[in-house]
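The chains referred to below are lettered A, B, ... by the order of the sequence lines, with proteins before strands, and numbering in each begins at 1.
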Amino acid sequence: MQQRRKKLKKLQEMGINPYPYKFERTHTSRQVQENFEALQNQTVAVAGRIMSNRRMGKAAFFHVQDMDGRIQIYLKRDTVGDFAFEVYKLLDIGDIVGVAGRVFKTRTGEITILAETLELLTKSLRPLPIVKEKLVNGRRVVYDPFTDKELRYRQRYVDLIVNPEVKEVFIKRSRIMSAMREFLNKRGYLEVETPILQPIYGGASARPFITHHNALDMKLYLRIANELYLKRLIVGGFEGVYEFAKDFRNEGMDRFHNPEFTQMELYVAYQDYHWMMALTEEMISTIAQEVLGTMKITYQGREIDLAPPWRRVPLFESIREHAGVDIAGADEATLRRVAEDLGIAVEDGWGSGKIIDEIFGELVEPKLIQPTFITDYPLEMSPLAKKHRENPRLVERFEPIIAGKEIGNAFSELNDPLDQRRRFEAQMQLRARGDEEAQVLDEDFLRALEYGMPPTAGLGIGIDRLTMLLTDQPSIRDVIFFPHMRPEKTH
RNA sequence: GGGCCCGUAGCUCAGCUGGUAGAGCAGCGGCCUUUUAAGCCGUUGGUCCCAGGUUCGAAUCCUGGCGGGCUCACCA
């Protein structure tokens, strides 16, 4: 850093502004690479960050990295002039420069720009963790890579500069969301925005973050879901609405959980969960096709085929299949015994829904590698879902599961206001017994339902998890630019 | 929250059963006008995460703390 400040000063003494205002570039690195035939011997202007530097007396080679790649620059004192060469000598890896010159190929065959002018665009004062690399059989081999996960997450900007594959993941994330948005818009659904600060949090079972509004002197919660607001919009007469929503849950963090995460929630009037399953498989497979060019993906070494139709298996049937027990209709005492026989530790406070969920999560979910819709959950686990048309102890709900992990949640939405009130009341009783994640009764939401909500199908898709799946990333932190971290130590 | 592992130069790491810190790359100085992990010669660089303890002596052993990773629990 000391050295770089000295160089900065020298440059300024030479009359160079180390932070000028703009640069007219004509091509990106990739455009030069891809149009070499046409551009050979033509003059182009590129800009970017110096990522390697090889000086050889009165000439030099260095690579400049821009948005979509790198290109080599060849600098000769005879071509660029004494002054520019003196400027060059004061540059470092990490500095941002603009170069104009003629396109050619070196003796070793690399497409290169012979610099005619060189302009400093930004002086970098902080050294980058330099990465040395070479191509072996067309493969990039990196020496001493920048791998420290803590530094990579805390200083994502450095990670992005130095590890190009990281950039790819986030570009795909953006494309996944665009493809999803396009898919939904094409069907006429309306993208909307609903409150993040909510006086009553609802729509999911989770603990919230709490904040305070000064002017109103009231408690507000960061939303854990937007479900109840979107359904209000269905009541209001919109017949298809969706939102890409940042949600916040005040819970543990691990490979699959970040305190703030992104969900796409969609509600469509006059449809049920069967219809929604068809839409879900079509949507996910279409996105894969558009973003990856294929519906066959590999996640952590496992081949997964996203092409519809996906298997649809009722929850109890999946448990029968994978755990070898039939617990459909079993009472709580039976469930408790069965779970213990299966080697699952059951806690005293758990109700039957929780026990079933546990058996499923332990013994079934991890085995569902290929896309599967698990359907028809116990009523008590799903206070916002409509009763199953054939079995009043179940609800019409499904979760799409891929690679052993749920990537969403959906149901035929409960629109009977009296039933909804009873379900809320049951939740409030759980809450009174100390279940902090039980849902809160929302009187205004009930009022909306009392005006009448048409039959509606709802879906939530975890964007972070979907991105993990489609980019083959093992941790949610690898698909979130700035994952939550403890504050940096300052000692 | 529990368990295991990690924290040494800008980066990647070595440093044994305690003897006062090293390599490669980067940086700096020099040579080099088609190199590419460029090369060659020379060279700077460290609160060894923090605080205590044991010891004549601690990067090393012990305790506590901080930060991170993995994992289990929790959690949709």
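Of the candidate nucleotides rC11(B), rC74(B), rU33(B), rU33(B) has the atom nearest to the side chain of Lys76(A). Checking rC70(B), rU34(B), rU12(B) against every side-chain atom of Tyr74(A), the shortest atom distance belongs to rU34(B). When distances are taken from the side chain of Thr112(A) to each of rG27(B), rU35(B), rC32(B), the shortest belongs to rU35(B). When the nucleotides rU12(B), rG68(B), rU33(B) are ranked by their closest atom to the side chain of Met56(A), rU33(B) comes out on top. Taking only side-chain atoms of Glu362(A), from C-beta outward, the nucleotide of rG27(B), rA73(B), rG67(B) with the closest atom is rA73(B).
Regarding contacts with the backbone of rG68(B), a side-chain N or O of Arg154(A) is found under 4.0 angstrom from either OP1 or OP2. Regarding contacts with the backbone of rU34(B), every side-chain N or O of Arg107(A) stays at 4.0 angstrom or more from both OP1 and OP2. At rU71(B), one or more side-chain N or O atoms of Arg255(A) fall inside 4.0 Å of OP1 or OP2 (strictly under the cut-off). Phosphate contact (OP1/OP2 of rG68(B), side-chain N/O of Arg477(A), threshold under 4.0 Å): absent.
rU60(B) and rU55(B) have their C1' atoms separated by 13 Å, given to the nearest Å. The gap from the C1' atom of rG46(B) to that of rU20(B) amounts to 13 Å, rounded to the nearest Å. Look at the C1' atom in both rU54(B) and rG68(B): the space between them is 29 Å, to the nearest Å. When the C1' atom is used for both rA26(B) and rG45(B), the distance is 11 Å, rounded to whole Å. Between rU34(B) and rC25(B), the distance separating the two C1' atoms is 24 Å to the nearest Å. Separation of the P atoms belonging to rC56(B) and rG10(B) is 34 Å when rounded to the nearest angstrom. For the C1' atom pair drawn from rA21(B) and rU47(B), the interatomic distance equals 14 Å after rounding to whole Å. Rounded to whole Å, the P atom of rC72(B) lies 43 Å from the corresponding atom of rG27(B).
The distance from atom CD of Glu110(A) to atom C1' of rA38(B) is 13 Å, rounded to the nearest whole Å. In this structure, CD1 of Ile93(A) is placed 8 Å from P of rA26(B), rounded to the nearest angstrom. Atom P of nucleotide rG3(B) and atom CG of Asp254(A) are separated by 18 Å, given to the nearest angstrom. Distance CD (Gln3(A)) to P (rG10(B)): 14 Å, rounded to an integer number of Å. Between the CG atom of Asp159(A) and the P atom of rC11(B) there is a distance of 14 Å, rounded to whole Å. Computed from coordinates, the His257(A) NE2 to rU71(B) P distance equals 12 Å when rounded to whole Å. Between the CZ atom of Arg54(A) and the P atom of rA26(B) there is a distance of 11 Å, rounded to whole Å. When rounded to the nearest whole Å, the span between CD of Glu358(A) and C1' of rC72(B) equals 12 Å.
Aromatic ring centres of Phe170(A) and Phe481(A) lie closer together than 6.0 Å.
Nucleotide rC32(B): unpaired (no Watson-Crick or G-U wobble partner with both distances less than 3.5 Å). Searching all strands for a Watson-Crick or G-U wobble partner of rU43(B) with both distances below 3.5 Å returns rG27(B). rU63(B) is paired with rA51(B) under the Watson-Crick or G-U wobble criterion, all donor-acceptor distances under 3.5 Å. Judged by Watson-Crick or G-U wobble contacts below 3.5 Å, the nucleotide rU20(B) has no partner. Applying the Watson-Crick and G-U wobble criteria (two distances, each under 3.5 Å), rG1(B) pairs with rC72(B).
Mapped onto RNA chain B by nearest heavy atom, Gln72(A) and Leu151(A) fall at different nucleotides, with Leu151(A) at the one closer to the 5' end. Comparing Lys149(A) and Glu406(A) by the nucleotide of RNA chain B whose heavy atom lies nearest to each, the residue mapping closer to the 5' end is Lys149(A).
For a distance-only test at 3.5 Å, the side chain of Thr147(A) fails to qualify as a donor-acceptor partner of the base of rU12(B).
Using a 4.0 Å heavy-atom criterion, one finds that Arg249(A) contacts the sugar-phosphate atoms exclusively. In this structure, Asp78(A) reaches the bases: a heavy-atom distance under 4.0 Å links it to at least one base atom across the strands shown. As judged by a 4.0 angstrom heavy-atom cut-off over every strand, Ala60(A) is placed among residues making no nucleic acid contact. Among the atoms of the strands shown, base atoms are found under 4.0 Å from some heavy atom of Phe104(A).
The salt bridge (charged side-chain N to carboxylate O under 4.0 Å, His left out) analysis of residues 106-117 of chain A, with sequence neighbours excluded, yields the pairs Arg102(A)-Glu116(A).
In this structure the side chain of Leu315(A) reaches within 4.5 angstrom of the side chain of Phe360(A), judged on heavy atoms. Within the 4.5 Å cutoff, side-chain heavy atoms of Lys123(A) are placed close to those of Leu11(A).
At most 12 heavy atoms of other shown residues, nucleotides or ligands fall within 6.0 angstrom of atom NZ in Lys9(A). Few gaps surround NZ on Lys367(A); more than 12 heavy atoms of other groups in view lie less than 6.0 Å from it.
When each of Phe61(A), Phe83(A), Phe62(A) is tested with Tyr88(A) by the rule ring-ring contact (aromatic ring centres under 6.0 Å, His included), just one qualifies, namely Phe62(A). Exactly one of Leu470(A), Asp472(A), Thr471(A) qualifies for a side-chain contact (heavy atoms from CB on, under 4.5 Å) with Tyr299(A). That residue is Asp472(A).
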